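Structure first, commentary second.
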Amino acid sequence: MESKKILSVKNLNKSFGDFKAVNNISLHVNKGDIYGFLGPNGAGKSTTLRMVLGLIKPNSGEILINGQNISGPNRNFLSSIGALIEKPDFYKNLSAYDNLKILFKMSRLKDTNRISEVLKEVDLWDKKNQKVGGFSQGMKQRLGIAQTLMHQPSLIILDEPSNGLDPQGQSDMRSLILRINQDMGITVIISSHILSEIEKISNRMVVINNGEKIVEGNVQELMQNELLKVSFKSENLESISSFLKKQSIDFEISNGSIVANINEENIPLILKKMIKENISITEMKQMRTLEELFLGLTK
Ligand SMILES: Nc1ncnc2c1ncn2[C@@H]1O[C@H](COP(=O)(O)OP(=O)(O)OP(=O)(O)O)[C@@H](O)[C@H]1O
Ligand SMILES: [Mg+2]
């Protein structure tokens, strides 16, 4: 399978005053991905996506779209991107069609058929003459997506598109995103603070928290044992940490427990050794799912 990078982010940093909102984040999105951007509130998702769109400037780092550095004078990378950041804004007294027509004119497009096409693509053709003021949240989100598709981008960026939608609306949103990706061949970046949402549609993802990258990779692999972590509690954490150091096992200490990266097949052996060395453990927990890992790290 082709895996050409459509977006590369390298060592990206952004501070607001003294506050580091994005801390040295690197990641890449391959052509054809539905790439999940997962992180709790305030993680730095929107800030990172805004930098990718050139809406705000990073303090340092590099952003390449199709290999082109976006900080250069050439802004034509924007013509290959569509984006929905935060809630879409519309003229409430105008119909869906007329809202799109305004965008159509601003984008200096030629063929008005494009308006009908995108309305059909997002399943709003039946509602084209209705005023947007009466639209449900899900319909507004879909109209927002129609806007992102208007100029036929090769990449669209959707910042929490399922926010505020009921389960039916969320499911419609997922089918729409899958259609956009599979039928139209558009690469999609979607952010969310809900793992299950990303897990359902993304093939690759990054998890960020407190402005830092926690992990990036293939979603299925991340959901399997790849990332198995084991947390230990003990009255004597020091004895565990020095043991792990001796075994060259990576670990970190958080909230009074030690979280170690141990291959699943090595766990029995490690435990045997610990017992042999009389290391007392009051609790040992395997953190299997990314959710546990994610929540564990974000508590
Ligand atoms: N313009 C700004 N000025 C000051 N602080 C900001 C600004 N924009 C974002 N921040 C801060 O940066 C951090 C990251 O914000 P960001 O909006 O990127 O998070 P997020 O992951 O998108 O969160 P959410 O899920 O709530 O949308 C937050 O603590 C936020 O308060
Ligand atoms: Mg956000």
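Worth knowing before you read on, the calculation uses all heavy atoms, side chains too, and leaves out hydrogens, waters and symmetry mates. Fair warning: this is a prediction, and the values are worked out from it, not measured in the lab.
Contact check for K14 versus N59: side-chain heavy atoms found under the 4.5 Å cut-off. Side chains of D98 and I102 form no contact here, defined as non-hydrogen atoms less than 4.5 Å apart. Within the 4.5 Å cutoff, the side chain of M205 has no heavy atoms near those of the I190 side chain. Side-chain contact check for E216 versus V207: every heavy-atom pair is 4.5 Å or farther apart. Side-chain contact between E121 and R179 is absent, with no heavy-atom pair separated by less than 4.5 Å. Annotation: side chain of V122 is in contact with side chain of L176 (closest heavy-atom distance under 4.5 Å). Contact annotation: the side chain of R142 never approaches that of F135 to less than 4.5 Å [non-hydrogen atoms, C-beta and beyond]. Side-chain contact check for M184 versus I156: every heavy-atom pair is 4.5 Å or farther apart.
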- Test side-chain contact (heavy atoms from CB on, under 4.5 Å) applied to I65 and L7, step by step: CA-CA 5 Å; I65 290 182; L7 169 69; 3.9 Å; yes

_Could you go through K20 and S15, starting from their C-alpha distance and side-chain angles, then the distance that decides it, and tell me whether this counts as side-chain contact (heavy atoms from CB on, under 4.5 Å)?_
CA-CA 4 Å; K20 245 184 178 301; S15 297; 3.4 Å; yes

In sequence, state the C-alpha distance, the side-chain angles, and the governing distance for E277 and K246, and then conclude on side-chain contact (heavy atoms from CB on, under 4.5 Å). CA-CA 12 Å; E277 297 199 13; K246 264 194 303 186; 3.2 Å; yes

- Task: Begin from the C-alpha positions of N203 and N218 and carry the test side-chain contact (heavy atoms from CB on, under 4.5 Å) through to its verdict.
- Result: CA-CA 6 Å; N203 61 313; N218 176 291; 5.7 Å; no

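Only one option out of T148, V29, I177 pairs with V188 in a side-chain contact (heavy atoms from CB on, under 4.5 Å); it is I177. Looking at L109, N113, I115 one by one, the single match for side-chain contact (heavy atoms from CB on, under 4.5 Å) with D111 turns out to be N113. Tested against I189, the residues L155, L158, I6, I34 include a single side-chain contact (heavy atoms from CB on, under 4.5 Å) partner, L155.
Judged by distance alone, the side chains of S191 and D159 do bring a donor and an acceptor atom under 3.5 Å apart.
Among all heavy-atom pairs drawn from D33 and N181, the shortest one is O-ND2, 3.4 Å.
In summary, E117 and K120 do not engage in a salt bridge, as defined by a charged side-chain N under 4.0 Å from a carboxylate O.
Counting heavy-atom neighbours within 6.0 Å of K128 NZ, excluding the residue itself, gives a total above 12. A 6.0 Å sphere centred on CG of D89 holds no more than 12 heavy atoms belonging to other residues, nucleotides or ligands.
Note that the NZ atom of K45 and the CG atom of L38 stand 8.0 Å from one another [nearest 0.5 Å]. Atom CD of E283 is separated from atom CZ of F232 by 11.0 Å, given to the nearest 0.5 angstrom. Put simply, CG on L12 and CG on N24 are 9.0 Å apart, with the number rounded to the nearest 0.5 Å.
Using a distance-only test at 3.5 Å, with no hydrogens or angles considered, no donor-acceptor pair links the side chain of N11 to the main chain of G61.
By the criterion of side-chain heavy atoms lying less than 4.5 angstrom apart, applied directly or through intervening Ile, Leu, Val, Met, Phe, Trp or Tyr residues, L269 is not grouped with I275; the two fall into different hydrophobic clusters.
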